[in-house]
Amino acid sequence: MRKFVLSLMAVLGFAGTSAFAQTSLSEAVAAGNKVFVQIVNDNEYPIPADEVADVIREFSNAGQWTAVETAEEADFILRVETRKKVVFNSPRTWMTPSVLDKESNVLWKGDKIKADATMFNGYKATNTCIRKVIENSFYKDLFKKAGRSVPVIE
């Protein structure tokens, strides 16, 4: 009987922790919140500063968040690990987004997204990667897990 009670308490404790984490993610990424976009650039193959500005602007617009200059001002941190490299004469960009709370605890981590520069996207691998992250990571994963309504993708 004692083992059953201890098992039941462990299961209920885990369920309570999962519900708490879900609430934290929901509260963090709510529309109207302040976001600090932290770009973690690959040392060997960083993305240029003008493309970093595009990342910050597009991601904050997609989430209906207000971008702020410091992590202390923000409701949450959107960490974006980036890498840009030329592969077979074609620029390629990788991005991996994650949502952190103010204590740097990871609330959500998206998949690594890759985009190549082609004539179909105007040879802009970073902009294509940004769009893919918004559509695949934010709309199809992050917002659903956070209980937010997903915008219609046109």
Side-chain angles (χ1 to χ4, degrees), residues 11-87 91-118 120-154:
V11 169
L12 290 175
F14 177 73
T17 304
S18 299
F20 179 72
Q22 182 68 24
T23 304
S24 298
L25 180 62
S26 299
E27 291 171 357
V29 299
N33 277 359
K34 296 177 189 165
V35 61
F36 174 70
V37 181
Q38 179 185 42
I39 305 294
V40 181
N41 246 333
D42 180 71
N43 291 335
E44 191 175 353
Y45 304 105
I47 63 172
D50 61 331
E51 294 178 7
V52 168
D54 289 344
V55 171
I56 294 170
R57 183 184 63 253
E58 294 299 323
F59 286 173
S60 61
N61 289 343
Q64 300 171 329
W65 305 307
T66 303
V68 293
E69 297 292 321
T70 64
E72 291 76 28
E73 301 173 73
D75 295 311
F76 72 100
I77 300 165
L78 177 63
R79 178 182 292 158
V80 184
E81 296 172 34
T82 63
R83 184 172 187 211
K84 186 169 190 146
K85 186 176 181 182
V86 175
V87 179
R92 182 173 287 173
T93 301
W94 292 267
M95 290 184 186
T96 307
S98 53
V99 171
L100 288 70
D101 63 10
K102 289 185 146 203
E103 290 78 35
S104 296
N105 298 315
V106 177
L107 301 176
W108 171 85
K109 184 165 184 166
D111 295 330
K112 182 185 283 187
I113 304 290
K114 173 189 73 121
D116 295 316
T118 66
F120 301 109
N121 63 18
Y123 299 101
K124 296 181 181 178
T126 302
N127 292 350
T128 302
C129 199
I130 291 169
R131 251 190 341 271
K132 284 183 171 183
V133 168
I134 290 169
E135 292 173 4
N136 297 330
S137 292
F138 289 2
Y139 292 167
K140 293 181 181 174
D141 189 34
L142 173 62
F143 289 175
K144 286 184 180 181
K145 286 184 178 171
R148 281 191 58 179
S149 60
V150 178
V152 176
I153 302 170
E154 298 177 12

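- Among pairs with a residue in residues 45-65, those fulfilling salt bridge (Lys or Arg N to Asp or Glu O under 4.0 Å) read Glu51-Lys84, Asp54-Arg57, at least two apart in sequence or across chains.
- At least one side-chain heavy atom of Asp141 sits less than 4.5 Å from a side-chain heavy atom of Trp108.
- Scored by the side-chain hydrogen bond (donor to acceptor under 3.5 Å, both in side chains) test, Thr70 finds Glu73 as partners (sequence neighbours excluded).
- Applying the ring-ring contact (aromatic ring centres under 6.0 Å, His included) rule to pairs touching residues 35-56 yields nothing, sequence neighbours excluded.
- In this structure Thr128 satisfies the side-chain contact (heavy atoms from CB on, under 4.5 Å) test together with Ala115, Asn121, Arg131, Lys132, sequence neighbours excluded.
- Under the side-chain hydrogen bond (donor to acceptor under 3.5 Å, both in side chains) criterion, Trp94 pairs with no residue at all, not counting sequence neighbours.
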- [ ] Report the C-alpha separation of Phe59 and Val133 in whole Å, then their side-chain angles, then the decisive distance to 0.1 Å, and conclude whether the side-chain contact (heavy atoms from CB on, under 4.5 Å) test is met.
- [x] CA-CA 9 Å; Phe59 286 173; Val133 168; 3.6 Å; yes

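- Each ring-ring contact (aromatic ring centres under 6.0 Å, His included) pair with one or both residues in residues 64-83, not counting sequence neighbours, appears once here: Trp65-Phe76, Trp65-Phe138.
- Ser60 pairs by the side-chain hydrogen bond (donor to acceptor under 3.5 Å, both in side chains) definition with nothing, not counting sequence neighbours.
- Scored by the side-chain contact (heavy atoms from CB on, under 4.5 Å) test, Ala31 finds Gln64, Arg148 as partners (sequence neighbours excluded).
- Taking Ile39 as the reference, Val37, Asn41, Val52, Val55, Val80, Thr82 meet the side-chain contact (heavy atoms from CB on, under 4.5 Å) condition, with sequence neighbours excluded.
- Among residues at least two apart or in separate chains, salt bridge (Lys or Arg N to Asp or Glu O under 4.0 Å) pairs with a member in residues 32-48 are Asp42-Arg83.
- Annotation: salt bridge (Lys or Arg N to Asp or Glu O under 4.0 Å) contacts involving residues 101-115, sequence neighbours excluded, comprise Glu81-Lys109, Lys114-Asp116.
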